[in-house]
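Notes for the one structure printed next.
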Amino acid sequence: MSADTPMESPFLAACRRQSVPYTPVWLMRQAGRYQPEYRALRARLGFLELCRSPETAAEVTVMAVEQLGVDAAIVFADILLMLEPLGVGLAFERGDGPVIQRPVRSGRDIDRLAPFDPRALDHVYETVRRAVRALAVPVIGFAGAPFTLASYLIEGGSSHDWARTRGFLYADPGAWAGLMERLVPAIAAYLNAQIDAGAAAVQLFDSWVGCVPPAAYRTHVLPHVRSLIGALRPGIPVIHFGTGTAGMLEAMRAAGGDVIGLDWRVDLDAAWARLGEGVAVMGNLDPAVLLGPIAEIRRQAANILDQAGGRPGHIFNLGHGILPQTPVAHVRALVDAVHELSARS
Ligand code: CP3
C-alpha cells in the first residue's frame, strides 16, 4: 500500500468488516457520460485516447470524487483495455459500443492469442499513481473477470443473450478451460500491477456471468475465479461483483472475495443472510432510482441502509453503473443521504 493512502478510510474498514463512523459509499461509473464535464472532454477525445492518457484519465477519476464527496475513487479505465494486448483488435465506435475485430470462436483462435504483456497497460498504472497522489480517499483498481472478458472475446462485442458464449462453453469445454487458463494469469498480473501502483482495493467485474445456470458457473467459472483471486497480492481487499447472480451467490462467495457486489434484483438483507456474516457486501440501489425525485432517492437509500442494519461490512453502491441520463444533482443527493442517514452517533 502506498504511503499516502489513508489506513483509516471508512471504505477500507468496511471491506474488512470493521466498524465505521458512517456507511462508506462510492458508485460504479461515478466518472462518465452523466457528467457535462466528461461529455465535453469526450467531444474532443476518443474513449480509448482518454483511457491512454494518464494525465486526463486521472483528472476524470479525481473530478468524480471531488464533485460527489464519495469515499473511494475507481481508476478511470475499462475492462476491455486488457484485450488489446492479446492482439484481437479493440475499437469503440460511437454509439455502437465496443467491437472486437478478431473474435475467438475456436480452440485455434485461442492458440493465436498473443502472450499477455502487462507492460502494454503501463498507462493504467500511471493513472493509478497520479490519482493516488491527488486524492485523500483510496483508489480502487479493477479488471474484468475471466467469464466476462471471454464473453466479449467470443461475441466480438456486447450481446443481448451471450448465446455464442454459452454455446461455446457447452460445445467445447476443453477450449473454454484453455481460454480461462490464458485469461486468469493475465488478469492477475494486470491487477497486481495496479496494486503495486497504489490501488488500495481491487474490483473484479463479472458483469454478465448471471447469464449461465448456477451449475455451469460452478463447473466452468468458479475454479478459475478462485485461482485468480488466489494469485492476487494478499491483504488487499477484493470486491467480487456480478449482475443477475441471484441464483449463484453462494457459488460466487465460494469463488472468493472480501466483498460481494450485489445487483438490485436481490434484497440486500436476504442476500447477505445467504452469503453469511463472514463476508462484506456492496450495493445495491437500482441505478434507475436516480432518475426519480430526490425524496424517493432518500427513501430508497434509507431502505437499503435499514436492510444492512448498521452491521460492519456494508459498502453502499448502486446495483450497476450510473445511467448516462442521470442528473448530477441526484447523484450528489444520494451520496449526502447515505452519509447523513448512516451516521453513527
Ligand atoms: O467510473 C468508473 O466506473 C470507472 C470507469 C469504468 C468504465 N468502464 C468507463 C467507461 C469502469 C469501471 C468500466 C467497467 C466496464 N467496462 C464494465 C464492467 C462494469 C459494467 O458496466 O458492467 C464493462 C462491461 C465494460 C465494457 C464497456 N465499456 C462497454 C460495453 C462500453 C460501451 C457501453 C457503455 O456503457 O458505454 C464501455 C464504454 C465505457 N467505459 C464508457 C465509460 C465511461 C463510455 C464511453 C464513452 O465515453 O462513450
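On a predicted model such as this, the values are computed, not experimentally measured, just so you know. Note that ligands are numbered from 1 as they come in the structure, with each ligand's atoms numbered from 1 the same way.
- A donor atom on one side chain and an acceptor atom on the other are found under 3.5 Å apart for His339 and Asp71.
- The shortest N or O to N or O distance between Arg33 and ligand 1 is under 3.5 Å.
- Those atoms of ligand 1 with a heavy atom of Ile74 less than 4.0 angstrom away are 1 (O), 2 (C), 3 (O), 4 (C), 12 (C).
- Close approach of ligand 1 to Val75 (heavy-atom distance below 4.0 Å) involves ligand atoms 4 (C).
- When ring centroids are compared, Tyr38 and Phe76 come within the 6.0 Å threshold.
- Scanning the protein heavy atoms around atom 20 (C) of ligand 1, the nearest turns out to be His320 NE2, 3.1 Å.
- Nearest heavy atom pair, residue Arg311 against residue Gln307, reads NH2-O, 2.9 Å.
- Ring geometry for Trp162 against Tyr152 counts as perpendicular: the plane angle is over 60°, on a 0 to 90° scale with 30° as the lower cut.
- Nearest protein heavy-atom neighbour of atom 9 (C) of ligand 1: Ala77 O, 3.3 Å.
- Considering backbone and side-chain N/O of Ala31, one or more are found under 3.5 Å from N/O of ligand 1.
- Between His160 and Trp208, the ring centre distance reaches or exceeds 6.0 Å.
- Of the candidates Asp263, Leu45, Ile79, it is Ile79 that places a heavy atom closest to atom 25 (C) of ligand 1.
- Counting protein heavy atoms only, atom 41 (C) of ligand 1 is closest to Phe47 CE1, 3.7 Å.
- Nearest non-hydrogen protein atom to atom 32 (C) of ligand 1 is Pro98 CD, 3.7 Å.
- Of the protein's heavy atoms, Phe205 CD2, 3.4 Å lies nearest to atom 19 (C) of ligand 1.
- Regarding atom 18 (C) of ligand 1, its nearest protein heavy-atom neighbour is Ser207 OG, 3.3 Å.
- Of all protein heavy atoms, the one closest to atom 38 (C) of ligand 1 is Phe92 CE2, 3.5 Å.
- The closest side-chain donor-acceptor pair between Gln30 and Gln35, if any, does not fall under 3.5 angstrom.
- The closest protein non-hydrogen atom to atom 8 (N) of ligand 1 is Asp78 OD1, 3.1 Å.
- If you number the atoms of ligand 1 from 1 as listed, the ones under 4.0 Å from a heavy atom of Arg42 come out as 46 (C), 47 (O), 48 (O).
- In this structure a side-chain-to-backbone donor-acceptor pair under 3.5 Å is missing from Ser159 to Glu155.
- For an aromatic pair to be called close, the ring centres must be under 6.0 Å apart, and His320 with Phe241 satisfies this.
- Taking every non-hydrogen atom of Tyr152 and a distance limit under 4.0 Å, the qualifying atoms of ligand 1 come out as 24 (C), 26 (C), 30 (C).
- Residues Leu48 and Ile100 are members of one and the same hydrophobic cluster, defined by side-chain heavy-atom contacts under 4.5 angstrom among Ile, Leu, Val, Met, Phe, Trp and Tyr.
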> Under the salt bridge (Lys or Arg N to Asp or Glu O under 4.0 Å) criterion, do Arg42 and Glu49 qualify, and how do the steps go?
Replying inline: CA-CA 9 Å; Arg42 282 280 287 105; Glu49 274 179 280; over 6 Å; no
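- Of all atoms in ligand 1, listed by their number and element, those nearer than 4.0 Å to a heavy atom of Tyr38 are 43 (C), 45 (C), 46 (C), 47 (O).
- Taking a cut-off of under 4.0 Å to the non-hydrogen atoms of Ser158, the atoms of ligand 1 that pass are 30 (C).
- Counting only N and O atoms by type, the side chains of Arg265 and Thr243 include no donor and acceptor under 3.5 Å apart.
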